[in-house]
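Heads up, the thing below is written out as structure tokens.
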Amino acid sequence: KAICEQGQELVPQDKTASPEVLRYGGDETIIVIQRERMIATFWPEDPGQWDIWWNQMNSPGGFLSMVNATVISVPSAWYDSADAQPCEVAEQNAVAALVKGAIDSHRTANTKYVQLMGSLDIIPPYYVPDETQTGNESLFASDLLTQPGTPLGAAISEGYMLTDAFYVDSDPQPFNGRQLYVEDISVSRLVETPAEILANAQRFAESGGFINLISSPRSTGYDFFID
């Protein structure tokens, strides 16, 4: 078992709760957030800061109006069981499956982009087995900058890796006894803090949606990989 508190009371997962549409826009872009977790993480003493932040994100000429996105907040009740068992990968993946269902319910043939707004504790990734033979992260999980007892720390130590491709693959293929997820459409994350999310969104809007990747190219690699 991963380093984690065990024996916590099982909390039933409320699958009947429905996502809330915070903004109706076009179907080209779907943005997913979890409002209550954002508030609890960043503004526990002043929940009204959410409204200020949201109004800035949704201001005329701002990021959301520019991309004309539909924004949904998934129910906090979906996380209850996973929060009670943070080291259980299956519980984290159950939340991800519900989030994917919410995305699929708004996705159409015109949808090109899905954006997850927030870090892994706001919108979880999907965990799949890490079958890397050389340099598998589970072998040095204790050296990684992940906190023991967190879903990510537990998943890595138990031999899993994370993917967001799960959210945008409508037809995953069988692979090594599991499913292989490959993006049908673009999926991305805006992280970490609300201030950082807002700053990145504003830069995107101010640049007219153009990101200059040529001015600052970067390539990394490891010497134990053979191309």
Side-chain angles (χ1 to χ4, degrees), residues 1-2 4 10 12-19 27-34 70 72 74-75 77-141 144 146 150-191 220-222 224-227:
K1 276 290 184 182
C4 191
L10 176 62
Q13 188 180 55
D14 184 1
K15 298 180 180 180
T16 64
S18 299
D27 56 0
E28 185 175 75
T29 300
I30 300 170
I31 296 178
V32 186
I33 197 168
Q34 210 302 301
T70 290
I72 59 175
V74 297
W78 285 359
Y79 294 73
D80 290 346
S81 183
D83 285 344
Q85 303 173 92
C87 282
E88 296 296 331
V89 172
E91 292 291 340
Q92 304 302 320
N93 282 351
V95 177
L98 291 171
V99 174
K100 183 181 188 302
I103 294 171
D104 289 345
S105 68
H106 289 274
R107 182 175 167 178
T108 71
N110 297 322
T111 303
K112 296 180 179 178
Y113 313 102
V114 170
Q115 187 168 83
L116 311 175
M117 194 169 286
S119 54
L120 306 185
D121 56 331
I122 305 297
I123 302 294
Y126 192 80
Y127 294 101
V128 296
D130 183 355
E131 297 167 331
T132 304
Q133 298 300 309
T134 303
N136 191 295
E137 287 186 327
S138 65
L139 300 177
F140 50 92
L144 301 177
T146 56
T150 62
L152 178 60
I156 290 177
S157 67
E158 293 181 5
Y160 289 88
M161 61 183 180
L162 59 157
T163 179
D164 286 335
F166 168 78
Y167 289 115
V168 292
D169 187 351
S170 59
D171 186 26
Q173 300 301 305
F175 178 77
N176 281 359
R178 61 178 178 86
Q179 298 294 308
L180 178 65
Y181 301 102
V182 180
E183 299 91 333
D184 297 331
I185 58 177
S186 174
V187 62
S188 61
R189 279 184 186 264
L190 262 179
V191 295
T220 62
Y222 297 92
F224 57 80
F225 288 140
I226 299 175
D227 294 329

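Below, all heavy atoms of this structure are taken into account, side chains as well, without hydrogens, waters or symmetry copies.
- Note on residues 92-114: pairs passing salt bridge (Lys or Arg N to Asp or Glu O under 4.0 Å), not counting sequence neighbours, are E28-K112, K100-D104, R107-D184.
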Where do T111 and D27 land on the side chain to side chain donor-acceptor pair (under 3.5 Å) test, with the steps shown first? CA-CA 5 Å; T111 303; D27 56 0; 5.3 Å; no

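- Closest heavy-atom contact between A82 and V95: CB-CG2, 3.7 Å.
- Rounding to the nearest 0.5 Å gives a distance of 7.0 Å between CD1 of I30 and OG1 of T70.
- In this structure, the side-chain contact (heavy atoms from CB on, under 4.5 Å) partners of N176, at least two apart in sequence or on a different chain, are E131.
- For the pair Y160 and P151, the minimum side-chain heavy-atom distance is 4.5 Å or more.
- Panel note: side chain Q115, backbone Y113; no donor-acceptor pair is recorded below 3.5 Å.
- Here Q92 pairs with nothing under the side chain to side chain donor-acceptor pair (under 3.5 Å) rule; sequence neighbours left out.
- The ring pair (Phe, Tyr, Trp, His ring centres under 6.0 Å) search around Y167 returns none, not counting sequence neighbours.
- Using a 4.5 Å cut-off on side-chain heavy atoms (C-beta onward), L152 and L162 make contact.
- Of all non-hydrogen atoms in D169 and L180, the two that sit nearest each other are OD2-O, 3.5 Å.
- A distance of 12.0 Å separates OH of Y126 from CE of M161, quoted to the nearest 0.5 Å.
- For the pair I103 and V32, the minimum side-chain heavy-atom distance is below 4.5 Å.
- Between E91 and S81, the shortest heavy-atom contact is OE1-OG, 2.8 Å.
- Inter-residue side-chain proximity for V74 and L98 is flagged as unmet; no heavy-atom pair is nearer than 4.5 Å.
- In this view, D164 and R189 satisfy the salt bridge (Lys or Arg N to Asp or Glu O under 4.0 Å) rule, not counting sequence neighbours.
- Applying the side-chain contact (heavy atoms from CB on, under 4.5 Å) criterion to A165, with sequence neighbours excluded, gives T163, Y181, E183.
- The side-chain heavy atoms of Q34 and I123, taken from C-beta on, include a pair separated by under 4.5 Å.
- To the nearest 0.5 Å, atom CD1 of residue I185 and atom OG of residue S170 are 8.5 Å apart.
- Every side-chain contact (heavy atoms from CB on, under 4.5 Å) that S119 has, sequence neighbours left out, goes to D121, I122, V191, E192.
- Residue A96 comes nearest to P125 through the heavy atom pair CB-O, 3.8 Å, listed as atom of the first residue, atom of the second, then distance.
- Nearest heavy-atom pair across P19 and A102 is CG-CB, 3.7 Å.
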